[in-house]
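The block underneath contains the structure these notes are about, expressed in structure tokens.
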Amino acid sequence: MCELVGQLTERIQKLNHLSPILPEEELYVQFECETETAVVAISKYKIGQKEKIDERRLVTIRGSKEALESLINGRLKLQQQIRLREVHISGSFRHMLLLESLLHLSKPYRYVC
């Protein structure tokens with residue numbers, strides 16, 4: 001799980017077009033699967049994995065490792081996985097929308113040959 005979250009943070013850091021929608025204050029995103037939990041803090045100034053979090057700015061995504069992997073790698077959108085009941089998300093609606101935008105805009109490009 002930490003490796004997947006690390007890949008996501010690297011992509012967000014490299015993509016300059018995401019800068020305008022990154023929040024001023026840190027948004028904490030907690031990914032939970034059966035055996036692992038990883039937390040990443042996202043803001044205009046710093047993006048990286050964290051241990052200590054602020055519960056008021058926390059979005060938690062729970063699901064199987066496969067579901068979280070397909071979400072982080074951009075194979076399925078967050079709303080699709082919620083409708084399919086593959087993941088469960090909790091947090092403020094505004095933070096959920098921001099996270100969904102970040103996941104969609106940072107998904108890796110796939111070339112079709």
Side-chain angles (χ1 to χ4, degrees):
M1 181 58 57
C2 289
E3 184 180 324
L4 285 171
V5 172
Q7 292 171 5
L8 176 65
T9 57
E10 284 178 31
R11 285 196 313 262
I12 292 174
Q13 287 173 338
K14 289 179 184 177
L15 298 171
N16 293 328
H17 68 276
L18 294 179
S19 178
I21 66 169
L22 293 175
E24 294 286 330
E25 294 183 346
E26 288 183 330
L27 169 65
Y28 300 96
V29 182
Q30 181 170 306
F31 295 92
E32 294 181 359
C33 69
E34 302 87 11
T35 58
E36 297 178 75
T37 300
V39 178
V40 63
I42 300 170
S43 75
K44 283 190 186 293
Y45 312 107
K46 187 176 179 183
I47 299 169
Q49 294 188 21
K50 287 280 190 168
E51 301 264 335
K52 188 176 178 185
I53 57 175
D54 181 354
E55 296 287 331
R56 293 171 293 159
R57 291 178 275 149
L58 174 67
V59 175
T60 303
I61 301 175
R62 291 178 193 88
S64 68
K65 188 166 185 162
E66 296 79 24
L68 294 177
E69 184 177 346
S70 69
L71 176 68
I72 291 172
N73 289 329
R75 288 191 292 274
L76 284 175
K77 295 178 185 176
L78 181 60
Q79 287 300 317
Q80 289 173 317
Q81 289 193 331
I82 291 171
R83 273 188 242 116
L84 294 171
R85 298 178 192 247
E86 292 184 10
V87 298
H88 175 54
I89 187 166
S90 61
S92 79
F93 187 66
R94 172 179 272 177
H95 291 148
M96 286 184 227
L97 290 176
L98 175 60
L99 176 61
E100 186 169 20
S101 298
L102 289 172
L103 289 169
H104 181 69
L105 293 171
S106 69
K107 69 181 180 181
Y109 291 107
R110 297 199 192 327
Y111 296 101
V112 179
C113 297

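What you are looking at is a predicted structure, and each value in this text was computed from that prediction instead of being measured.
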Trace of the side-chain contact (heavy atoms from CB on, under 4.5 Å) decision for Leu98 with Leu27: CA-CA 9 Å; Leu98 175 60; Leu27 169 65; 3.8 Å; yes
Report yes or no: do [X] and [Y] belong to one cluster of Ile/Leu/Val/Met/Phe/Trp/Tyr joined by side chain heavy-atom distances under 4.5 Å?
X: Leu58; Y: Leu71; answer: no
X: Val39; Y: Ile72; answer: no
X: Phe31; Y: Ile12; answer: yes

Rounded to the nearest 0.5 Å, what separates atom [atom1] in [X] from atom [atom2] in [Y]?
X: Ser43; Y: Glu25; atom1: OG; atom2: CD; value: 9.5 Å
X: Gln49; Y: Leu8; atom1: CD; atom2: CG; value: 9.5 Å
X: His95; Y: Ile89; atom1: NE2; atom2: CD1; value: 11.5 Å
X: Leu103; Y: Arg11; atom1: CG; atom2: CZ; value: 8.5 Å

Is there a side-chain contact between [X] and [Y], using heavy atoms and a 4.5 Å cut-off?
X: Leu99; Y: Ile61; value: yes
X: Glu32; Y: Met1; value: no
X: Asn73; Y: Leu4; value: yes
X: Gln30; Y: Thr37; value: yes

The side chain to side chain donor-acceptor pair (under 3.5 Å) partners of Glu24 (sequence neighbours excluded) come to Tyr45
Residues passing the side chain to side chain donor-acceptor pair (under 3.5 Å) test with Glu36, sequence neighbours excluded, are Lys65
So which atom in [X] and which in [Y] form the shortest heavy-atom distance, rounded to 0.1 Å?
X: Ala67; Y: Glu86; value: CB-O, 3.8 Å
X: Cys33; Y: Ser64; value: CB-C, 4.1 Å
X: Leu18; Y: Ser106; value: CD1-CB, 4.0 Å

Side chain to side chain contact (heavy atoms under 4.5 Å, CB included) filter on Glu100, not counting sequence neighbours, yields Leu78, Gln79, Leu97
Quick check: are there more than 12 heavy atoms from other residues, nucleotides or ligands sitting under 6.0 Å from NZ of Lys44?
-> yes
- So with a 6.0 Å cut-off around CD of Glu34, is the heavy-atom count from everything else above 12? yes
Residue pair Ile47, Leu22: steps toward the side-chain contact (heavy atoms from CB on, under 4.5 Å) verdict: CA-CA 10 Å; Ile47 299 169; Leu22 293 175; 4.2 Å; yes
Legend entry - Check against side chain to side chain donor-acceptor pair (under 3.5 Å), Tyr28 and Glu26: CA-CA 6 Å; Tyr28 300 96; Glu26 288 183 330; 2.7 Å; yes
